[in-house]
2 protein chains.
Amino acid sequence: MGRNRSFIEAEVVAQCAEIFRSTGYEGTSIDDLVQATGLHRGSLYKAFGSKRGLFVLALRQSAGPAMPTHDSTDLLLVALMELAPRDPEIRSIAFGILSGVAPRHTPQSLGERLLERAREPRANEATTKDSA
Amino acid sequence: MGRNRSFIEAEVVAQCAEIFRSTGYEGTSIDDLVQATGLHRGSLYKAFGSKRGLFVLALRQSAGPAMPTHDSTDLLLVALMELAPRDPEIRSIAFGILSGVAPRHTPQSLGERLLERAREPRANEATTKDSA
DNA sequence: ATCGGTCAAGAACGATCGGTCAAGAATTCG
DNA sequence: CGAATTCTTGACCGATCGTTCTTGACCGAT
């Protein structure tokens with residue numbers, strides 16, 4: 001039970017992380033997360049409290065012990081660009097990830113990934129509804 | 001006169017650029033720009049058409065012939081992170097700036113500035129966002 | 001069968017978003 | 001001077017934002 005639940009939780013957080021890293025923090029709406037996870041608004045809030053809380057979990061989880069992937073690096077970039085300057089806790093988490101035991105990220109590697117990400121066209125997210 | 005007008009215009013664009021580079025694109029509301037410029041909503045839209053149009057002008061203007069400053073680099077970072085993946089024109093402008101005649105920006109210099117910016121606390125603008 | 005408690009579900013909420021427009025002030029022209 | 005025209009202004013719009021609350025289905029214990 002508990003194990004299964006936390007496993008599912010981790011999966012949901014991972015799905016949200018994917019949305020956040022792709023469309024940014026401010027660019028992601030709760031509806032986007034609802035759609036991506038299949039959960040419902042109330043459930044998301046019951047489980048995670050707020051959009052920001054969900055992002056914090058996603059950021060922490062994506063920075064596990066493994067080597068950074070493109071996805072986890074993107075999420076870190078989003079945190080650094082959009083949240084860190086105005087949110088001390090997230091700034092602290094982000095720089096904690098950066099100063100991990102091994103020098104996994106460097107300014108150069110971050111800059112390179114930033115440029116790669118900027119070049120990747122994003123599927124035109126529905127600003128106007130034509131889902132038929 | 002035309003010259004005076006365009007001078008004022010450039011000043012307004014510069015003020016908006018400062019807001020965009022500081023709080024990001026999605027993080028900046030029209031009201032923020034209204035407050036920063038002292039102009040009124042209608043005037044802004046009459047002169048610049050849209051928030052995006054204003055950002056495009058700001059990005060182009062900030063990437064003049066001079067050496068990049070922290071401010072102009074920040075605006076470029078915002079363009080690359082928030083707009084470039086979903087907006088081909090802005091992506092094109094941004095990469096045009098990057099491939100200027102002299103190698104003014106490198107992945108490493110971008111990454112370094114990204115980290116500096118993330119460390120600079122931003123005056124907590126009260127948008128009733130983190131009261132949870 | 002009936003209660004009490006739990007939880008998913010999504011309708012509803014106030015605030016705020018980007019964008020528009022009609023009415024008043026200012027200016028130009030006959 | 002008065003009519004015509006341009007500019008200024010901020011109230012207003014529908015949509016969407018993040019968040020909360022009511023609803024009702026479900027389940028074990030009585």
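All chains are named by letter (A, B, ...) in the order of the sequence lines, taking the proteins before the strands, and each is independently numbered beginning at 1.
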Euclidean distance, atom OH of residue B:Tyr45 to atom P of D:dC12 [Å, nearest integer]: 19 Å
Closest to the A:Ser29 side chain: D:dT19, D:dT9, D:dC17? D:dC17
Rounding to a whole Å, what distance do you find between B:Glu26:CD and D:dT16:P? 14 Å
On the side chain of A:Arg41, is there an atom forming a donor-acceptor pair with the base of D:dT19 - under 3.5 Å, no angle test? yes
B:Ile30 CD1 to C:dA15 P, in whole Å, measures 21 Å
Looking at B:Gln35, I'd like to know if its CD atom is crowded, meaning that more than 12 non-hydrogen atoms belonging to other residues, nucleotides or ligands lie closer than 6.0 Å. no
Within the structure provided, determine whether B:Arg41 and B:Leu44 are in side-chain contact (heavy-atom separation under 4.5 Å). no
Please state how far atom NZ in B:Lys51 lies from atom P in C:dG19, giving the value in whole angstrom units. 8 Å
Describe the nucleic acid contact of B:Ser43 in one word from base, sugar-phosphate, nothing, applying a heavy-atom distance below 4.0 Å. base
Nucleotide C:dG19, atom C1' - distance to CZ of B:Phe48 in whole Å: 16 Å
Establish, for the pair A:Lys51 and A:Tyr25, whether the NZ or CZ atom is under 6.0 angstrom from the six-membered ring centre and no further than 45 degrees off its axis. yes
Answer whether the closest heavy-atom distance between the side chains of B:Arg60 and B:Val56 falls below 4.5 Å. yes
Just so I know, are the side chains of B:Arg52 and B:Asp87 near enough to count as touching, which here means a heavy-atom distance under 4.5 Å? yes
Whole angstrom value for the distance that separates P of D:dC17 from CZ of A:Arg52: 20 Å
Atom CG of B:Leu39 and atom P of D:dT9 are separated, to the nearest Å, by 9 Å
Taking for A:Thr28 and for B:Gly42 the nucleotide of DNA chain D with the nearest heavy atom, the one nearer the 5' end belongs to B:Gly42
Only Watson-Crick and G-U wobble pairs with both distances less than 3.5 Å should count. Give DNA chain D in dot-bracket notation, marking inter-strand partners with |. ||||||||||||||||||||||||||||||
Sorted by chain and residue number, the salt bridge (Lys or Arg N to Asp or Glu O under 4.0 Å) partners of A:Arg117 (sequence neighbours excluded) come out as none
In whole angstrom, give the distance that lies between atom NE2 of A:His40 and atom C1' of C:dA12. 17 Å
Are any of the side-chain heavy atoms of B:Leu59 and B:Phe20 separated by less than 4.5 Å? no
